[in-house]
Every structure is written in C-alpha cells, then in structure tokens.
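Working notes, structure below.
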Amino acid sequence: MTREEYCMGIGEAIEAIGFQGDYIDHIRYGSGHINDTFLIRFKQTNGNIEKYILQRMNHEIFKNPDQLMKNICNVTSFLRNKITESGGDIRRETMNVINAKDGKAYYHDKNGAYWRAYLFIDDAVSFDKVEKPEDFYESAVSFGHFQNLLADFNADSLYETIPDFHNTPVRFTAFLAAVDKDSYVRAQEVQPEIRFLKKREQEMKACMELLKTGELPLRVTHNDTKLNNIMIDKTSGKGICVIDLDTVMPGLSIFDYGDSIRFGANTASEDETDLSKVSLNLDLFELYTKGFLEGCNGSLTDKEIDMLPMGAKLMTLECGMRFLTDHLQGDTYFRIHRAGHNLDRCRTQLKLVEDMEQKWDRMKAIVEKYTR
Ligand code: ADP
Ligand code: GN1
Ligand code: MG
C-alpha cells in the first residue's frame with residue numbers, strides 16, 4: 001500500500017483515540033520526511049478549541065511500532081518526572097501521548113496502519129531553516145540539555161527502533177549493495193557522487209572504532225536533531241520541547257551535535273539545486289557549538305569535544321550517502337516531492353562535506369576555544 005492509501009484510515013483512528021471534545025477538522029502538518037503528520041482540532045464543552053497532533057507512523061521504516069511507542073512512553077514519563085522536579089510545565093516541555101480508547105499508546109487500524117497522537121504544543125514554532133541565529137542557539141542548548149537529562153536514563157530499557165541507525169560503516173555496505181544492484185539503472189549518472197563517497201570510506205569508520213575502543217562513550221541520544229525537531233516558544237524565544245522521539249536510542253553525543261550542524265549551519269536548504277549556495281556558515285557553527293556545550297553542562301569528555309567537527313562531517317557524509325542509496329533504490333525511504341529529489345539532497349550534503357574539508361582547521365579552532 002502507498003502512504004496515501006494508509007492515510008485513508010484516518011477517520012477510524014480519530015474514532016479510536018481518546019481525544020476530548022467534538023471533532024472539528026484536520027489538516028496535513030509539518031515537513032518531516034518520515035511520518036504522516038496531521039493537526040486535528042476538537043471543540044470543548046466550554047467552547048475552547050483543543051489541538052492535537054495525529055501521526056501515522058511509518059511502519060515500513062519503524063518495523064515494530066509497539067516497541068517504538070514503549071520507548072516514547074518510557075522516555076517521556078522519565079522526562080515528565082524531571083520537569084516536575086524542576087518546576088517546569090509538563091504539557092509543553094515534553095511530548096504527551098494521548099492513548100487510544102482501549103488504553104494502548106497507539107491504534108492499529110483495519111488497513112494495517114499505525115496511528116498515535118500527542119497534545120499539540122501551542123504558541124511554539126519549529127523552523128525548517130535558521131531564520132534568526134538565536135533560534136539555532138536555542139536548539140543547541142535544548143538538544144544538549146536533552147542529552148544531559150537522559151544521562152541517568154536506563155539505556156538497557158530502550159529498544160533499537162532502527163538497528164544500526166548511525167552505524168556509518170553498515171550504511172556504507174548498504175550503499176555499495178545498492179550501487180551493485182542498480183535496480184533503477186541510475187548508477188551511471190551518479191558516478192562522481194559514488195566516487196566521492198568511496199574515497200571517504202576510511203573516515204566513515206573512525207567514530208565507530210573509537211566507540212569500540214571505549215574512547216567515545218555510548219550515551220542515550222536523540223539521533224535526529226534537525227532544527228525542525230525542536231519547538232521554540234513564540235513569546236520567550238526559548239527552545240521549549242524536543243520532539244520527534246522515534247530514534248531516541250543509545251548513540252554517540254557527536255551524532256546529535258553533528259546532525260544539527262549538517263542541517264542548520266548549511267547556508268542553503270537540504271534540497272537546494274543551486275550548489276553554489278551550499279556552504280558551512282562558521283558563525284552558526286560556533287553558535288551551535290557554544291549552545292550545545294552549555295546544554296550538556298560539562299558532561300562531555302575531552303575526547304567527545306575534540307571529535308565534534310568529525311561528528312558534523314560524519315553525519316553530513318552519512319546523510320548524503322543515505323539520500324543517494326534511496327535514490328538508487330527508487331525513493332522508498334525519504335518522502336520526495338519531485339523526480340530526483342533525493343539526488344538533489346545528496347548533492348547538497350556532499351557539497352557541504354567538501355566545504356567542511358576546506359574549513360576544517362577553522363572548525364577545529366572554534367571547538368578548541370570551548371575546550372575546558
Ligand atoms: P517526522 O518524523 O516525519 O519528521 P515529526 O514528529 O518531526 O515527524 O513531526 C513533523 C512536524 O510536526 C514537526 O516538525 C513539528 O512542526 C510538528 N509537530 C510534531 N509534534 C508536535 C507537537 N506535539 N506539537 C506541535 N507541533 C508538532
Ligand atoms: C529524516 O523524520 P525527519 O524528517 O526529522 C530521517 C533523518 C534524516 C533526515 C534528513 C527516522 O528525519 O535520519 O537525517 O530525515 N529520520 C529517519 O532530513 O530516518
Ligand atoms: Mg521530524
């Protein structure tokens with residue numbers, strides 16, 4: 001079934017989930033590449049309107065939605081306790097799952113689609129690109145703080161929702177297999193990109209090696225720290241809530257740092273077709289570094305800090321390789337909006353890697369400034 005066909009069960013899901021009030025309407029919402037997200041409104045008896053987020057989980061990607069939702073309930077209830085202890089607002093500072101009427105944290109409809117709902121975080125925005133540097137800084141503090149809050153979370157209780165998610169060498173093997181198979185006869189036109197990635201094979205192994213030798217510690221990380229996975233409070237301008245918790249799993253701190261740089265410190269959009277616009281903005285790089293380290297509040301080791309630039313490069317290389325793999329495999333993973341969209345996305349990532357290579361010494365020097 002296609003994504004659109006799966007979404008046809010939305011009416012059934014609206015009936016089955018324990019929303020309060022009378023249904024008014026729903027619209028598609030957000031710009032994530034993975035799930036199908038809707039904003040849905042209900043009228044309350046006092047006349048107020050309550051908003052919720054309703055999502056069809058992408059069960060082709062997250063193959064075990066039951067385990068996925070156990071992770072999310074587990075992590076959010078842990079965060080709720082921490083937020084309560086510090087006198088925060090649990091309705092806005094973490095995700096709140098709305099259970100189905102049968103008590104489950106999700107609903108499995110007759111067509112086989114899986115649905116879940118959250119309270120809508122009102123008076124907050126998520127950005128697809130950095131409009132004000134302060135927002136990027138706020139996202140850095142929030143992601144660093146998020147990682148710090150989860151420092152004493154029991155990692156063994158987490159399911160691995162996508163095995164080897166940031167295991168770049170494993171991703172490299174999958175990429176080579178896609179090139180070999182070339183099911184859509186697209187490899188010929190992407191030879192320069194294939195060469196670019198093959199040339200950097202050794203570098204892609206470096207961080208996993210440091211994990212194996214114990215030089216980099218395993219932590220509980222978010223793993224998908226795009227700017228649009230943070231809600232920024234409209235009034236205070238502060239990062240209020242980390243969202244999109246599907247990939248919270250054991251990982252390296254530099255993954256979270258690196259993925260944010262990849263997305264937010266790029267001078268162009270992830271899918272820009274004019275590659276001359278793509279580069280690393282060093283001011284944003286510095287701002288994020290400062291905010292992330294503040295959010296982590298001294299919890300990173302010297303080695304982790306030293307490896308931050310490599311985290312940025314690794315996440316950009318890996319993401320470019322994932323986009324290219326999906327292009328070669330017929331665009332089944334990332335939602336595309338035009339032909340060649342994943343190839344365009346791949347090219348921006350590789351161009352960004354090239355620019356990081358040119359700015360490497362300056363990236364290192366910036367991070368050095370923040371080393372204790
Ligand atoms: P995807 O995995 O497809 O990226 P997300 O969970 O990130 O899906 O949701 C997509 C978008 O929906 C987010 O970028 C954000 O703008 C919005 N969103 C998600 N959850 C909430 C929420 N609880 N309150 C307000 N907006 C939300
Ligand atoms: C996906 O779900 P979303 O749009 O926040 C992807 C990330 C990629 C990102 C690239 C579960 O993130 O890993 O870095 O697209 N999420 C998953 O934009 O694969
Ligand atoms: Mg998202």
Side-chain angles (χ1 to χ4, degrees), residues 3 7 26-41 50-63 68-69 71-72 76 90-98 115-129 139 143 160-168 171 221-234 240-249 251 255-256 258-264 266 269-272 312 314-326 332-337 341-342 344-346 348-349 352:
R3 289 184 182 175
C7 285
H26 68 267
I27 50 162
R28 269 201 180 262
Y29 196 74
S31 51
H33 295 335
I34 305 296
N35 296 304
D36 287 299
T37 304
F38 300 86
L39 165 62
I40 175 164
R41 301 192 305 160
E50 186 77 63
K51 295 182 208 156
Y52 301 93
I53 284 287
L54 175 60
Q55 275 181 331
R56 183 190 74 83
M57 290 180 263
N58 189 327
H59 68 274
E60 264 134 16
I61 288 175
F62 296 103
K63 300 206 185 303
L68 171 71
M69 289 313 290
N71 273 6
I72 290 184
T76 53
I90 52 169
R91 282 176 68 91
R92 305 191 75 232
E93 293 174 30
T94 184
M95 305 289 274
N96 288 276
V97 174
I98 308 294
W115 299 86
R116 65 163 172 222
Y118 296 111
L119 282 183
F120 184 83
I121 302 162
D122 229 335
D123 301 317
V125 270
S126 74
F127 294 101
D128 287 327
K129 67 182 196 22
S139 77
F143 280 128
E160 209 177 349
T161 53
I162 301 181
D164 292 314
F165 190 59
H166 283 315
N167 189 334
T168 321
R171 298 266 184 200
T221 48
H222 182 280
N223 297 306
D224 187 1
T225 52
K226 274 160 77 163
L227 181 63
N228 62 15
N229 286 332
I230 287 273
M231 303 303 300
I232 307 267
D233 187 273
K234 278 187 191 164
I240 183 128
C241 184
V242 173
I243 62 168
D244 203 346
L245 305 178
D246 295 338
T247 51
V248 174
M249 283 182 281
F255 295 160
D256 282 2
D259 197 50
S260 288
I261 296 292
R262 172 193 79 72
F263 190 80
N266 184 351
S269 305
E270 191 178 70
D271 60 354
E272 175 60 59
L314 183 73
M315 287 298 96
T316 314
L317 265 173
E318 183 192 274
C319 198
M321 183 164 71
R322 291 173 63 197
F323 286 140
L324 187 56
T325 306
D326 200 28
T332 56
Y333 189 97
F334 298 102
R335 181 183 294 116
I336 56 164
H337 303 288
H341 206 169
N342 277 317
D344 294 341
R345 290 169 175 152
C346 159
T348 63
Q349 303 305 291
L352 189 58

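Atoms within a ligand are numbered from 1 in the order they appear, just like the ligands themselves.
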To check your reading of the model: name the closest protein heavy atom to [atom], its residue, and the distance in Å.
atom	result
atom 13 (C) of ligand 1	Ile243 CD1, 3.6 Å
atom 14 (O) of ligand 1	Asn228 O, 2.9 Å
atom 23 (N) of ligand 1	Leu119 O, 3.1 Å
atom 20 (N) of ligand 1	Ile53 CG1, 3.8 Å
atom 11 (C) of ligand 1	Gly30 CA, 3.9 Å

Please name the pair of heavy atoms, one in [X] and one in [Y], separated by the smallest distance, quoted to 0.1 Å.
X	Y	result
Gln349	Gly320	CB-CA, 3.5 Å
Met95	Cys241	N-SG, 4.0 Å
Glu318	Asn167	OE1-N, 4.2 Å

Any side-chain donor near an acceptor of the partner, [X] and [Y], under 3.5 Å:
X	Y	result
Asn58	Asp246	no
Asp271	Ser269	no
Thr247	Asp224	no

Open item on the list: Is there a side-chain contact between Lys51 and Asp122 in this structure, where contact means two heavy atoms from C-beta onward sitting under 4.5 Å apart?
Closed with: yes
Open item on the list: Is the shortest side-chain heavy-atom distance between Ile230 and His222 below 4.5 Å?
Closed with: no
[X] side chain to [Y] backbone, donor-acceptor under 3.5 Å:
X	Y	answer
Thr94	Ile90	no
Ser260	Thr225	yes
Asn228	Ser126	no
His33	Ile336	no

Contact atoms of ligand 1, heavy-atom distance to [X] under 4.0 Å:
X	value
Asn229	7 (O)
Thr37	8 (O), 9 (O), 10 (C), 12 (O)
Ile34	3 (O)
Gly32	1 (P), 3 (O), 4 (O)
Tyr29	12 (O), 17 (C)

Task: Greater than 12 external heavy atoms within 6.0 Å of Arg3's CZ - done: yes
Open item on the list: Heavy atoms only, cut-off 4.0 Å: how does Asn35 contact ligand 1, side chain, backbone, both, or neither?
Closed with: both
- [ ] Could you pull out, from Tyr52, Phe120, Phe334, the option with a heavy atom nearest to atom 25 (C) of ligand 1?
- [x] Phe120
TODO: Check if Asp36 has a non-hydrogen atom at a distance under 4.0 Å from any atom of ligand 1.
DONE: no
Open item on the list: Please confirm whether Gln55 approaches ligand 1 to less than 4.0 Å, judged on its heavy atoms.
Closed with: yes
Task: NZ-CZ distance between Lys226 and Phe143, expressed to the nearest 0.5 angstrom - done: 10.5 Å
Do any N/O atoms on [X] end up under 3.5 angstrom from N/O atoms on ligand 1?
X	value
Ile121	yes
Ser126	yes
Asp244	yes
Ser31	no

Task: Plane angle bin for Phe38 and Trp115 - parallel if under 30°, tilted between 30 and 60°, otherwise perpendicular - done: tilted
TODO: Anything protein N/O/S under 2.8 Å from the Mg ion (ligand 3)? Just list residue and atom, please.
DONE: Asn229 OD1, Asp244 OD2
- [ ] Heavy-atom cut-off of under 4.0 Å around ligand 2: list whichever protein residues fall inside it, by chain and number.
- [x] Gly32, His33, Ile34, Phe62, Phe165, Asp224, Lys226, Asn229, Asp244, Thr247, Asp259, Arg262, Glu270, Cys319, Arg322, Phe323, Tyr333, Phe334
Assess whether a salt bridge exists between [X] and [Y], defined as any Lys/Arg side-chain N lying under 4.0 Å from an Asp/Glu carboxylate O.
X	Y	value
Arg28	Asp36	yes
Glu270	Lys129	no
Arg92	Asp233	yes

